[in-house]
Amino acid sequence: MRHLIDINSLDQGVPRKLLQTAKFYKSSGRGLLEGAPLLGRTLAMIFEKPSTRTRISFEVAMTELGGSAIYLDAKSMQMGRGETIADTAKVLGRYLDGIMIRASRHETLLEMANHSEIPVINGLTDISHPCQILADIMTFEEKLGDIENKIISWVGDGNNMANSWIHASKIFNFKLRLACPSLRLPNKNIINWAKENGAEIEILDDPIEACSDSNAILTDTWVSMGDEKIINPEEIFNNFRVSDKLFEVASNDAIFMHCLPAHRGQEVTSEIIDGPKSVVWDEAENRLHIQKAILSWAIADKLI
Ligand code: CP
Ligand code: NVA
């Protein structure tokens, strides 16, 4: 079954082929793709949390591949009043060709995938965000070439995005340095997995050390969806703001990346996110091209 749970759960070679396929789709331009590879196919998009980019890019991707997408707010489904995930998965498989789910708990995604007879795609959980990472790597390579052996620096919360960057460091062979407050480190199991598999990752507490000679500086919101229990983010993260200071020690051509939505003045200054080093709008656009690649692989077993 071609589920996308995380990039490290894909068969070897598939993540790179997804990037190549996305590049092809990007070069094909907008509008209905010739041959409409997903003609007559339908994707369900289940959301337990809000979304702008993920929802829209998946929906437009289905349309441009010739299929269609149904937006489902989890609260408005019977799932929201107790129908089991297993029963929901079995029923959806009788109507649809794929399920994309944004789940509050990673376990919900896993359970959906375990009981589903159609592909299930991770549209973000509390643990990871693989679709975003693929779009980010595509964007990095458009700007600075092959990511292999490059130095990538994460500054801020050790959240779902940080975890997915750790997965990516092993799959795409780059050096990853993460500067996170000690109270907000990335997931322990994922760090252990990366270290056991020979990934070049370092967990630091000094953003300057993490960013020296770096090719890309990345961050994300201090308070992720579902993490609203963090009461004093300013106190915890005050030293973990991306500003000119970090770019002064980075490589001259270093870029700034952020999955969005962003909070100017918190995790990043406006000068950086709205300045010449920022590639955030390309990252957002590339979500569309990557979703097309993921969907044509998952639903039609087509990769370029
Ligand atoms: N980056 C991202 O996943 O954005 P949304 O929450 O808007 O989908
Ligand atoms: N870490 C953020 C990413 C949003 C796309 C969150 O989970 O809210």
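Keep in mind it's a predicted model, so treat the numbers as computed, not measured. In listed order, ligands and their atoms are each counted from 1.
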Inset, instruction - Around atom 3 (O) of ligand 1, find the nearest protein heavy atom and jot down its residue, atom name and distance. - result: His129 NE2, 2.8 Å

Legend entry - Carboxylate-amine/guanidinium contact Glu141 Lys23, below 4.0 Å: no

Legend entry - Test of proximity, Ser51 against ligand 1: N or O pairs below 3.5 Å: yes

Legend entry - Atom indices of ligand 2, in the order listed, that fall short of 4.0 Å to a heavy atom of Asn159: 1 (N)

Inset, instruction - Kindly indicate whether the side chain of Leu92, heavy atoms from C-beta on, has any atom under 4.5 Å from the side chain of Ser116. - result: no

Legend entry - For atom 6 (O) of ligand 1, the option (of Met225, Arg287, Arg102) bearing the nearest heavy atom: Arg102

Legend entry - Any N or O of Ser224 closer than 3.5 Å to N or O of ligand 2: yes

Legend entry - Contacting atoms of ligand 1, where contact means under 4.0 angstrom from a heavy atom of Thr52: 5 (P), 7 (O), 8 (O)

Legend entry - Atoms in ligand 2 with a heavy atom of Leu260 nearer than 4.0 Å: 5 (C)

Inset, instruction - Look at atom 4 (C) of ligand 2 and find which of Asp126, Leu124, Ile127, Asp227 reaches it with the closest heavy atom. - result: Leu124

Inset, instruction - Identify, for atom 8 (O) of ligand 2, the protein heavy atom at the shortest distance, and state residue, atom and that distance. - result: Met225 N, 2.8 Å

Inset, instruction - Answer yes or no: is there an ion pair linking Arg2 with Asp301, defined by an N-O contact shorter than 4.0 Å? - result: yes

Inset, instruction - Could you tell me which atoms of ligand 1, counted from 1 in the order shown, lie closer than 4.0 angstrom to a heavy atom of Leu260? - result: 1 (N), 2 (C), 4 (O)

Inset, instruction - Heavy atoms only: give me the nearest Pro261-Glu267 pair and the separation to one decimal. - result: O-OE2, 4.3 Å

Inset, instruction - With Arg55 as the cation and Phe47 as the aromatic partner, state whether NZ or CZ is under 6.0 Å from the six-membered ring centre and within 45° of the axis. - result: no

Inset, instruction - Below 4.0 angstrom from a heavy atom of Cys259, which ligand 1 atoms are there? Numbered from 1 as shown, please. - result: 1 (N)

Legend entry - Nearest-contact summary for atom 7 (O) of ligand 2 - protein heavy atom, Å: Asn160 ND2, 2.8 Å

Legend entry - Lys277 bridged to Asp253 by N-O distance under 4.0 Å: no

Legend entry - Matching residue for Ser57 among Arg287, Glu285, His289, Gln291 - test: side-chain hydrogen bond (donor to acceptor under 3.5 Å, both in side chains): Gln291

Inset, instruction - Could you tell me whether the side chain of Met62 reaches within less than 4.5 Å of the side chain of Leu295, counting heavy atoms only? - result: yes

Inset, instruction - Could you find the nearest protein heavy atom to atom 4 (O) of ligand 1 and give me its residue, atom name and distance? - result: Arg53 NE, 2.8 Å

Inset, instruction - Could you list the atoms of ligand 1 found under 4.0 angstrom from a heavy atom of Gln132? - result: 1 (N), 2 (C), 3 (O)

Inset, instruction - Distance to 0.1 Å, residue and atom name: give those for the protein heavy atom nearest to atom 3 (C) of ligand 2. - result: Asp220 OD2, 3.5 Å

Inset, instruction - Look at the rings of Phe256 and Phe247 and say which category their plane angle falls in: under 30° parallel, 30 to 60° tilted, over 60° perpendicular. - result: perpendicular

Legend entry - Lys/Arg-Asp/Glu bridge criterion (N-O < 4.0 Å) met for Lys90, Glu117: no

